[in-house]
Amino acid sequence: MDEGLLSVDKFVGGSRVYFLTHLHQDHTRGLGAAGGWRHGPLYCSPVTARLLPTRFPGSDASVLRPIAPGDSDSISLTSPTSGRLISVHVTAIPALHCPGSLMYLFRGDLGCILFTGDFRWELGCEEARSSKKALLEALAGDSVDVLYMDNTYCHPTLNFPPRRVVAEQIVNIIRAHPDHEVIIGVNNLGKEDLLLHISRALQTKIWVWPQRLLTVHLLGIDDNREIFTTDTSLTRVRAVPRYSLTIATLEALNTACPTIGIMPSGIPWLWRSSEGKAKSSGKSSAKSIRCGGQGSGEGTVEMDYDPLSPPKLFEKHSYALPYSDHACFAELEDLMQTGQGVR
């Protein structure tokens with residue numbers, strides 16, 4: 001790709017047009033430099049465009065180019081190196097990572113290039129099947145020449161259950177601790193479906209911090225303010241910034257009242273996998289379970305995970321469960337096949 005033409009999740013200036021996959025901090029570096037983005041056209045989803053001013057005040061709204069999932073746009077660019085006119089056709093594909101997350105498929109004079117950003121297309125999931133269909137239709141019989149892929153969990157040992165399965169296990173853990181305060185580590189965007197599931201299953205409100213509450217309302221969730229609250233006296237379940245869920249925090253909270261922490265993430269499983277390679281082999285107490293679609297077994301994945309005894313993340317008071325918003329190994333393999341036009 002010619003330098004200086006287009007940039008995806010890279011905001012250092014010097015390109016003709018920019019693309020943002022989603023609003024997590026590790027994908028927005030440089031976006032807020034010099035008081036907000038104003039350095040060129042910025043494509044993003046309508047949801048991201050709605051949230052962006054709260055994260056990066058001072059950004060120039062006139063440079064935003066909202067593109068809805070499934071929609072396409074044609075762009076003409078002049079190469080800064082050769083001076084020739086370059087035509088690019090871009091299609092936005094749902095990434096299903098967090099609200100507003102997109103993949104970008106570029107076709108045209110640059111070849112066929114797919115930037116996935118962070119994504120989770122669960123095998124057997126109807127939303128994932130729909131997104132896969134959208135990608136195949138956008139490819140129109142072509143195959144991807146260059147793939148920039150979310151490889152966070154690109155290892156054969158890392159195949160996670162569907163999020164709905166893990167969400168129910170989290171509910172069961174909370175039910176098993178009726179006299180405990182519960183804190184759940186989340187980012188400022190993402191895992192809204194998990195929090196809604198917990199609230200509905202337990203018939204309880206969820207405490208969130210003020211910026212998180214603003215995000216929820218901008219997403220159009222809980223407009224009647226029946227689920228989320230910033231009043232700690234109304235609930236024992238709190239969603240807190242992920243970085244604040246630490247051993248020290250849990251130990252301090254437990255001096256006041258019994259408290260458990262829950263980390264819904266695949267990251268601790270990545271640590272466990274790395275640690276396991278250094279240990280002598282032995283029979284695990286966890287059992288292999290199968291999670292996936294119905295019928296012929298489409299979308300079935302396997303992993304060592306005992307739903308009745310979730311693993312500990314910290315030494316005390318805390319559970320780690322593989323509720324992952326990133327694709328696991330089997331899903332990465334499936335995406336690569338799809339990129340080759342395989343249905």
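As the structure is a computational prediction, the values presented were derived from the model and not from experiment. For reference, positions follow the sequence shown, starting with 1.
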For the CG atom of L136 and the OG atom of S131, what is their distance to the nearest 0.5 Å? 11.0 Å
Do T116 and W121 have side chains that get closer than 4.5 Å, going by heavy atoms? no
Pair I206-T235, side chain to side chain contact (heavy atoms under 4.5 Å, CB included): steps then yes or no: CA-CA 6 Å; I206 306 287; T235 180; 5.6 Å; no
Test your reading of the model: is there a side-chain donor-acceptor pair from S130 to the backbone of E126, 3.5 Å cut-off? no
Which is it for Q340 and M336 under the side chain to side chain contact (heavy atoms under 4.5 Å, CB included) test, yes or no, and what are the steps along the way? CA-CA 7 Å; Q340 297 303 308; M336 292 181 70; over 6 Å; no
Separation between CG of L102 and CG of L105, rounded to the nearest 0.5 Å: 12.5 Å
Quick one: are L5 and P80 in side-chain contact, heavy atoms under 4.5 Å? yes
Tell me whether N187 contacts the main-chain N or O of L189 through its side chain, where contact means a donor paired with an acceptor under 3.5 Å. no
Between T204 and S199, is there a donor-acceptor pair closer than 3.5 Å when you use the side chain of the first and the backbone of the second? no
Beyond-backbone contact of L321 with M263, side-chain heavy atoms, under 4.5 angstrom: no
Would you please say whether a donor-acceptor pair under 3.5 Å links the side chains of T259 and N254? no
Tightest non-hydrogen contact, residues E122 and E331, listed as CA-OE2, 3.4 Å
Candidate pair I184 and V237, rule side chain to side chain contact (heavy atoms under 4.5 Å, CB included), full reasoning: CA-CA 8 Å; I184 304 169; V237 181; 3.9 Å; yes
Below 6.0 angstrom between ring centroids: does that apply to F160 and Y153? yes
Consider only side-chain N and O atoms of D118 and H27, and report whether a donor and an acceptor are under 3.5 Å apart. yes
In the structure I gave you, are the side-chain heavy atoms of I93 and F119 within less than 4.5 Å of one another anywhere? no
Check whether more than 12 heavy atoms from other residues, nucleotides or ligands sit under 6.0 Å from atom CZ of R242, and answer yes or no. no
Measure centre to centre between the rings of F106 and F19, then say whether the value is under 6.0 Å. yes
Hphob cluster co-occupancy, L234 + V216, side-chain heavy atoms under 4.5 angstrom: no
Heavy-atom distance under 4.5 Å between the side chains of L195 and F228, does that happen here? yes
Donor-acceptor pair, distance only, cut-off 3.5 Å: does the side chain of S15 make one with the backbone of V17? no
Less than 4.5 Å apart, side chain to side chain, heavy atoms only: is that true for C112 and L139? yes
L52 to L31 - nearest heavy-atom pair and separation: CD1-CD2, 4.0 Å
What's the separation between atom CG in D145 and atom CG in L114, rounded to the nearest 0.5 Å? 11.0 Å
Keeping the roles fixed (side chain from S45, backbone from T48), state whether a donor-acceptor pair exists under 3.5 Å. yes
Charged N to carboxylate O under 4.0 angstrom, D73 versus R65? no
How about W37 and F11: are their ring centres within less than 6.0 Å of each other? yes
Does a side-chain heavy-atom distance below 4.5 Å link L250 with I183? yes
Show the nearest heavy-atom pair for residues G117 and T21, with the distance to one decimal. CA-CG2, 3.9 Å
Which atom pair, heavy atoms only, marks the closest approach of S76 to S87? OG-OG, 4.2 Å
Which distance, rounded to the nearest 0.5 Å, do you find between the CD1 of I170 and the OH of Y323? 7.5 Å
Pair E127, K132 - check salt bridge (Lys or Arg N to Asp or Glu O under 4.0 Å), show working. CA-CA 9 Å; E127 284 184 295; K132 181 177 177 178; over 6 Å; no
Taking only Lys NZ, Arg NE, NH1 and NH2, and the carboxylate oxygens of Asp or Glu, determine whether E168 and R163 approach each other closer than 4.0 Å. no
From L158 CG over to T152 OG1, what is the distance, rounded to the nearest 0.5 angstrom? 10.5 Å
Is it true that L51 and L213 fall in one hydrophobic cluster, defined by side-chain heavy atoms closer than 4.5 Å? yes
Shared hydrophobic cluster for Y43 and V12 (ILVMFWY, side-chain gaps under 4.5 Å): no
Examine distances only and state if a side-chain atom of D231 and a backbone atom of S233 form a donor-acceptor pair shorter than 3.5 Å. yes
For D222 and I227, indicate whether the former's side chain and the latter's backbone hold a donor-acceptor pair under 3.5 Å. yes
Which of L214, T230, N188 passes side-chain contact (heavy atoms from CB on, under 4.5 Å) with W209? It is N188
Ring centers of H180, H317 separated by less than 6.0 Å: no
Hey, is R120 close enough to D150 for a salt bridge, meaning N to O under 4.0 Å? no
With a 3.5 Å distance limit and no angle check, can you tell me whether R107 reaches the backbone of A138 through a side-chain donor-acceptor pair? yes
Step by step, work out the side-chain hydrogen bond (donor to acceptor under 3.5 Å, both in side chains) result for H155 and T157. CA-CA 6 Å; H155 192 280; T157 64; 3.0 Å; yes
Taking a hydrophobic cluster as the set of Ile, Leu, Val, Met, Phe, Trp and Tyr residues connected by side-chain heavy atoms closer than 4.5 Å, whether directly or through intermediates, do V186 and I173 fall within one such cluster? yes
Taking every non-hydrogen atom, the tightest pair across E181 and C257: CG-SG, 3.4 Å
Under 3.5 Å, is there a donor-acceptor pair between the side chain of S59 and the main chain of F56? yes
L135 versus L335: any side-chain heavy-atom pair under 4.5 Å? yes
State yes or no: are the ring centers of H177 and Y319 separated by less than 6.0 Å? yes
For side chain to side chain contact (heavy atoms under 4.5 Å, CB included), just list the numbers for R55 and Q211, CA-CA rounded to whole Å, side-chain angles, deciding distance to a tenth of an Å, and then say yes or no. CA-CA 10 Å; R55 308 294 176 87; Q211 187 183 15; 4.0 Å; yes
Return the CG to OG distance between L245 and S265, rounded to the nearest 0.5 Å. 10.5 Å
Within the distance-only criterion (no hydrogens, no angle test), does the side chain of N159 pair as donor or acceptor with the backbone N or O of A330 below 3.5 angstrom? yes
Check: F115 ring centroid to Y148 ring centroid under 6.0 Å: yes
Minimum heavy-atom separation for Y18 to H39, with atom names? CE1-O, 3.9 Å
